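I have placed the structure first, in the form of structure tokens, so that the comments after it can refer back to it.
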Amino acid sequence: MDERDIRTAKVQELRESGSEPYPPRLPTPRTHQIAAAIAEFDALAAEKTSVTLVGRIVLFRDMGKVIFLTVEDGSGRLQFYLRRDDIGEGFALARKLDLGDFISGTGYFFTTRTGEKTLHLTAYALLSKSLRGLPAKHEGLRDVELRHRKRYLDLIANRDEVMPVFIARARILAALRRFLDKHGYIEVETPILQPLYGGATAAPFTTHHNAADRDMYLRIAPELYLKRLLVGGLERVYELGRVFRNEGVDRSHNPEFTMLEYYEAYADYLSMMTFTETMIAAVAEQVTGGMVITYQGITLDLTPPWKRITLHDLIAQATGIDYDQYPDKESLLAAIRARGIAVDPARGRGRLIDQLKDYAFEARDPELLKPLFLYDYPLDLSPLAKQKPGTPGMVERFQAHLAGMQLVTAFSELNDPLDQRARFEDQARQRAAGDAEAQVLDEDYIEALEVGMPPAGGVGIGVDRLVMALTDQPNIREVILFPTMRELH
RNA sequence: GCGCGCGUAGCUCAGUGGUAGAGCACACGACUUUUAAUCGCGGGGUCGCGGGUUCGAAUCCCGCCGCGCGCACCA
């Protein structure tokens with residue numbers, strides 16, 4: 001008989017003796033959360049006030065005629081003390097309690113001779129029987145795969161490290177909503193299940209709608225729907241929700257992740273830059289208590305204004321290449337190769353520029369870890385962004401980088417339906433040439449633009465990465481409760 | 001997708017060619033202020049999966065699966 005068999009047998013024995021191991025409610029109402037009771041300990045102990053606390057048994061010390069056990073609830077942990085002389089017949093059953101069981105305990109507070117605040121029980125009750133033991137009390141659960149596959153065990157065993165991260169995550173989401181609401185934005189919900197996917201350059205997850213007998217897609221971004229709402233007359237909208245991209249997993253990517261997108265009519269990318277740094281700094285302050293954070297040992301000051309540099313100047317500083325002097329892919333490629341920088345040449349000019357940006361970040365200049373706005377991007381990488389006047393081939397777009405992670409992308413939204421159609425057609429050519437991630441033409445979206453969309457700025461934030469930055473976590477899987485895992489065989 | 005590393009008891013880990021181990025957990029016993037309780041005693045393993053080399057494989061080789069790290073890819 002293994003542990004689980006033994007505990008299952010205990011369930012049976014309890015039922016046969018007329019005791020329900022999974023009762024529907026507490027036999028005695030809970031009077032306090034543990035942390036609240038500890039806060040009032042002196043008064044409660046002085047009056048020997050009867051309190052009822054509940055929780056999971058995390059340590060169990062059976063000394064024959066007395067038992068000490070440590071019980072943990074959502075707020076904290078406390079030692080319970082049971083004496084055979086107090087409990088009577090129930091004491092023998094108490095000795096059969098197991099680590100992991102949920103119990104309630106009624107009694108009064110006292111302090112042991114070693115100074116530990118303790119609840120001296122006059123009665124207890126089993127609330128829920130655990131059939132499987134908890135991870136080792138000292139070593140806990142270190143195996144990263146197990147921690148993520150069985151997050152409930154991770155939360156139990158590594159509570160002090162893991163719980164605060166997800167509490168902070170919840171606070172970050174709430175603070176983002178609060179900030180946007182305060183600034184007149186309304187939160188909307190647009191389709192996750194879409195007949196066409198768009199708004200980003202990524203491969204989708206495909207599914208099938210049986211009733212309509214047609215393929216549908218999980219959204220890769222909410223962008224095109226949010227901008228339809230600008231057409232409809234909503235001036236400030238946002239959506240905070242899950243998006244799905246059929247791509248690999250690494251330290252900063254999970255196939256499903258949380259995106260915040262917000263759009264503001266009559267704004268442009270420059271005003272959205274200011275709004276965004278203000279929002280992120282405010283969220284940091286509300287969640288961490290200040291605008292200066294530490295990420296993986298590096299101090300980062302989020303106080304606005306953040307450094308702003310054009311993509312052109314960043315690349316010029318890092319590589320000495322002034323890409324404005326190389327208006328076509330071939331001449332730029334030659335200049336890159338002349339400096340011995342390795343790039344994938346099977347891409348357009350915009351991709352080359354993008355790779356130069358990556359090269360600049362690879363130098364690991366500590367300055368580039370600080371909050372940074374990079375702006376003015378190549379047009380061919382940004383089919384939904386408005387062209388920058390007087391600068392052919394460039395669009396009004398920015399990205400925010402923090403701690404080396406791309407956190408934000410944003411632009412002045414393209415609202416010229418004729419230009420938009422041409423951009424989609426260009427994407428279609430790239431798709432025909434083998435780029436599976438090129439964006440697909442959305443006729444209905446073009447039609448909406450033809451009705452008329454006000455000039456607007458729009459921003460997308462990778463919320464998981466923001467949570468990583470604000471909780472000092474090195475891996476996106478540490479801020480997603482149930483990260484995507486392969487099937488076990 | 002490529003490279004490197006890891007996979008041994010429920011958990012944390014040792015074991016690098018010769019009969020599978022430790023601590024915790026678990027079972028049984030002792031103990032009326034313990035606290036990572038202690039003490040005694042005991043059970044528990046397809047060594048990720050499959051194949052190969054060898055008299056003999058957890059250990060060496062090949063393939064597969066899973067995980068991690070790096071690279072590539074990725075608004």
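On a predicted model such as this, the values are computed, not experimentally measured, just so you know. In what follows, every chain begins at residue 1, and chains take the letters A, B, ... in the order their sequences are listed.
Aromatic rings from A/Y445 and A/Y225 are positioned such that their centres are separated by 6.0 Å or more.
With a 3.5 Å ceiling on both atom-pair distances, the Watson-Crick or G-U wobble partner of B/rC71 is B/rG1. Across all strands shown, B/rC24 pairs with B/rG10; the Watson-Crick or G-U wobble distances both stay below 3.5 Å. The partner of B/rG43 is absent, by the rule that a Watson-Crick or G-U pair needs both atom distances under 3.5 Å. The partner of B/rA37 is absent, by the rule that a Watson-Crick or G-U pair needs both atom distances under 3.5 Å.
Across the P atoms, B/rA9 and B/rA58 are found 14 Å apart, a figure rounded to whole Å. Spacing of P atoms, B/rA14 relative to B/rG7, comes out at 8 Å, to the nearest Å. Between the C1' atoms of B/rC31 and B/rU38, the separation comes to 9 Å (whole Å). Atom name P, nucleotides B/rG10 and B/rC6: the rounded distance is 22 Å, in whole Å. Across B/rA20 and B/rC65, the matching C1' atoms stand 24 Å from one another, rounded to whole Å. B/rC28 and B/rG18 are spaced 38 Å apart, taking the P atom of each and rounding to whole Å. Taking atom C1' on both B/rC49 and B/rU8, the two are 15 Å apart, rounded to the nearest angstrom. Separation of the P atoms belonging to B/rC62 and B/rC4 is 10 Å when rounded to the nearest angstrom.
B/rA37 atom P lies 5 Å from atom CG of A/L59, rounded to whole Å. Atom pair A/D5:CG and B/rG43:P shows a separation of 18 Å (rounding to whole Å applied). A/R149 has its CZ atom 13 Å from the P atom of B/rC11, to the nearest Å. Between A/I67 atom CD1 and B/rU38 atom P there is a gap of 17 Å when expressed in whole angstrom units. Rounded to whole Å, the distance from OH on A/Y359 to P on B/rC73 is 16 Å. Rounding to whole angstrom units, CD of residue A/E3 and P of B/rA9 are separated by 15 Å. In this structure, the CD atom of A/E145 is 5 Å from the C1' atom of B/rG66, given to the nearest Å. The distance between atom NE2 of A/H138 and atom P of B/rC13, rounded to the nearest whole Å, is 12 Å.
Minimum heavy-atom separation, A/F361 to A/L314: CE1-CD2, 4.2 Å.
Residue A/R113 is classed as a base contact, given a heavy-atom separation below 4.0 Å to a base. Within 4.0 Å of A/G462, counting heavy atoms only, lies no atom of the nucleic acid at all. Within the 4.0 angstrom heavy-atom criterion, only backbone atoms of the sugar-phosphate kind lie near A/R397; the bases stay farther away. Looking at heavy-atom distances under 4.0 Å, A/L134 makes no contact with the nucleic acid at all. Contact annotation for A/E223: no contact, since no heavy-atom pair falls under 4.0 Å across all strands. Counting non-hydrogen atoms under 4.0 angstrom, A/F411 reaches nothing in the nucleic acid. Within 4.0 Å of A/L146, counting heavy atoms only, lie sugar-phosphate atoms of the nucleic acid but no base atom. A/G133 comes within contact range of no nucleotide atom at all, as no heavy-atom separation falls under 4.0 Å. Residue A/D143 is classed as a sugar-phosphate contact, given heavy-atom separations below 4.0 Å to backbone atoms only.
Of the side-chain N and O atoms in A/R486, one or more sit less than 4.0 angstrom from OP1 or OP2 of B/rC67. For B/rU34, the OP1/OP2 oxygens have no side-chain nitrogen or oxygen of A/R61 closer than 4.0 Å. At B/rC67, none of the side-chain N or O atoms of A/R147 fall inside 4.0 Å of OP1 or OP2 (strictly under the cut-off). For B/rA27, the OP1/OP2 oxygens have a side-chain nitrogen or oxygen of A/K10 closer than 4.0 Å. The side chain of A/K137 places no N or O atom within less than 4.0 Å of a non-bridging phosphate oxygen (OP1 or OP2) of B/rC11. Contact check, A/N475 against B/rG68: no side-chain N or O comes under 4.0 Å of OP1 or OP2. When the side-chain nitrogen and oxygen atoms of A/R251 are compared with OP1 and OP2 of B/rC71, none of them lie within a distance under 4.0 Å.
Each of A/H148 and A/E247 has a nearest nucleotide on RNA chain B; the 5'-most of these lies closest to A/H148. Where A/R351 and A/F110 meet RNA chain B, the nucleotide closest to each residue was compared, and A/F110 sits on the side nearer the 5' end.
By the 4.0 Å N-to-carboxylate-O rule, A/K150 lies too far from A/E145 to be salt-bridged with it. Using a 4.0 Å cut-off between charged side-chain N and carboxylate O, A/E413 and A/K227 make a salt bridge. At a threshold of 4.0 Å, the pair A/D416-A/K386 does not count as salt-bridged, since none of the basic side-chain nitrogens sits closer than that to a carboxylate oxygen. For the pair A/E425 and A/R429, the salt-bridge criterion is not met [side-chain N within less than 4.0 Å of a carboxylate O]. Ion pairing between a basic and an acidic side chain is recognised when a charged N comes within 4.0 Å of a carboxylate O; A/K10 and A/D98 show such pairing.
A side-chain contact (heavy atoms from CB on, under 4.5 Å) with A/I315 is found for exactly one of A/L374, A/D354, A/L356, namely A/L356. Remark: of the listed residues A/K388, A/R397, A/E396, A/Q387, A/E396 is the sole one forming a side-chain hydrogen bond (donor to acceptor under 3.5 Å, both in side chains) with A/S412.
Looking at A/Q79, its side chain comes within 3.5 Å of the base of B/rU34 through a donor and an acceptor atom.
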Would you list the atom pairs, donor with acceptor, under 3.5 Å between side chains in residues 47-59 of chain A and any protein atom, with sequence neighbours excluded?
| from | atom 1 | to | atom 2 | distance (Å) |
| --- | --- | --- | --- | --- |
| A/T52 | OG1 | A/T106 | OG1 | 2.8 |

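In terms of the side chain to side chain contact (heavy atoms under 4.5 Å, CB included) criterion, residue partners of A/A438 (sequence neighbours excluded) are, by chain and number, A/Q427, A/Q430, A/R431, A/D435.
When distances run from any side-chain atom of A/T112 to the nucleotides B/rU34, B/rA25, B/rC11, the shortest one goes to B/rU34.
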Give me, pair by pair, the N or O atoms of the protein and of nucleotides 28-32 of chain B that are less than 3.5 Å apart, along with how far apart they are.
| from | atom 1 | to | atom 2 | distance (Å) |
| --- | --- | --- | --- | --- |
| B/rC31 | N4 | A/D62 | O | 3.2 |
| B/rC31 | N4 | A/G64 | N | 3.2 |
| B/rU32 | N3 | A/D85 | OD2 | 3.0 |
| B/rU32 | O4 | A/D85 | OD1 | 2.6 |
| B/rU32 | O4 | A/D85 | OD2 | 2.5 |

